[in-house]
Asks: 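This is the structure I want to talk about, given as structure tokens.
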Amino acid sequence: PMLGTKEEFTQLCDAAHARGIRVILDGAYSHTGSDSLYFNKMGTFPGKGAYQSEQSPYRSWYTFHNWPDSYVSWWNFDTLPTVNKMHPDFVKYIITDEDSVVAHWLKAGADGFRLDVADELPDGFLDALRARVKATDPDAIVLGEVWEDASNKESYGHRRRYLLGQQLDSVMNYPFRDAILGYLLGGSAADFI
């Protein structure tokens, strides 16, 4: 709400599209903030987040070692509680529900999603998200943030299939970026190659 209404978002997308600009939203589906509506550790929101009530509708999204103060968090940052990415309630909310997060924003005018830490999202989640995105808008993009070489990445105990045409449309290529910057800042051609 602090950034505007849904109607204003649609107006922004329409204005961008009229200028040949596509709007891609950042989807952080590996974790939430501890002060998000869903976790609500600081009590910022009027509803009951997972931190405030074991009866919270979002409680199943998180893993608590000892509720409420000990929980699984992204890279052990307690301000970023990790979500149970394949929990049916979470998948429904983000992907499969009629007005899921993905469907809602695509219908409002977004042109796709950049997936934060895509390599920390299970294949099943990525497959479902891509299917929903393409069913809603075949031209929408699914761009993954993968810090390593995404063409040869292993995580969750197996080689990932980001670039085989059925999961991500593209990835953020940090190794290539680093090679270009290194070369432009005086590195050798051999190192660039």
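From a predicted model like this one, the values you see are computed outputs, not experimental measurements. Nothing fancy with the numbering, it's 1 onward along the sequence.
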Asks: Any salt bridge between Lys107 and Glu98, counting N to O under 4.0 Å?
Replies: yes
Asks: So, the side chain of Ser100 versus the backbone of Ile95: is there a donor-acceptor pair under 3.5 Å, distance only?
Replies: yes
Asks: Is the distance between the ring centroids of Tyr62 and Tyr71 under 6.0 Å?
Replies: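 Tyr62 vs Tyr71: aromatic centres not under 6.0 Å.
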Asks: Look at Arg160 together with Glu154 and state whether they make a salt bridge at an N to O cut-off of under 4.0 Å.
Replies: no
Asks: Using modelled atom types only, decide if a donor and an acceptor are shared between the side chain of Ser73 and the backbone of Leu80 within a distance under 3.5 Å.
Replies: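 No: the side chain of Ser73 does not pair with the backbone of Leu80.
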Asks: Please say yes or no: joined through hydrophobic side-chain contacts below 4.5 Å, possibly via intermediate residues, are Val23 and Val133 part of one cluster?
Replies: yes
Asks: Can you tell me how far OG of Ser188 sits from OH of Tyr183, rounded to the nearest 0.5 angstrom?
Replies: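 Those atoms lie 9.0 Å apart.
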Asks: Which class fits the ring pair Phe64 and Phe39: parallel under 30°, tilted 30 to 60°, perpendicular over 60°?
Replies: parallel
Asks: Determine, stepwise, if the pair Gln166 / Asp127 fulfils side-chain hydrogen bond (donor to acceptor under 3.5 Å, both in side chains).
Replies: CA-CA 7 Å; Gln166 296 301 312; Asp127 292 341; over 6 Å; no
Asks: Do Asp89 and Arg59 sit within salt-bridge range, that is, some charged N less than 4.0 Å from a carboxylate O?
Replies: no
Asks: Contact between Trp75 and His31 at the side-chain level, heavy atoms closer than 4.5 Å - yes or no?
Replies: no
Asks: For the pair Asp26 and Arg114, find out whether any cationic side-chain nitrogen is under 4.0 Å from an anionic carboxylate oxygen.
Replies: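 Salt bridge: yes.
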Asks: Looking at side-chain heavy atoms only, is the closest gap between Pro68 and Gln52 below 4.5 Å?
Replies: no
Asks: Are Phe9 and Trp105 an aromatic pair by the rule of ring centers under 6.0 Å?
Replies: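 For Phe9 and Trp105, the ring centres are under 6.0 Å apart.
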Asks: Give a yes or no on whether a salt bridge exists between Asp97 and Arg132, defined as a side-chain N under 4.0 angstrom from a carboxylate O.
Replies: no
Asks: What is the ring orientation for Tyr93 with Tyr38, classed by angle as parallel under 30°, tilted 30 to 60°, or perpendicular over 60°?
Replies: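 Plane angle over 60°, so perpendicular.
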Asks: Using a strict 4.0 Å threshold on nitrogen-to-oxygen distance, state whether Asp169 and Arg130 make a salt bridge.
Replies: yes
Asks: Do side-chain atoms of Asp137 reach the backbone of Asp111 as a donor and acceptor pair under 3.5 angstrom?
Replies: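 It does not hold such a pair.
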Asks: Hydrophobic clusters here meaning ILVMFWY residues chained together by side-chain heavy-atom distances under 4.5 Å, can you tell me if Trp147 and Met172 are in one?
Replies: yes
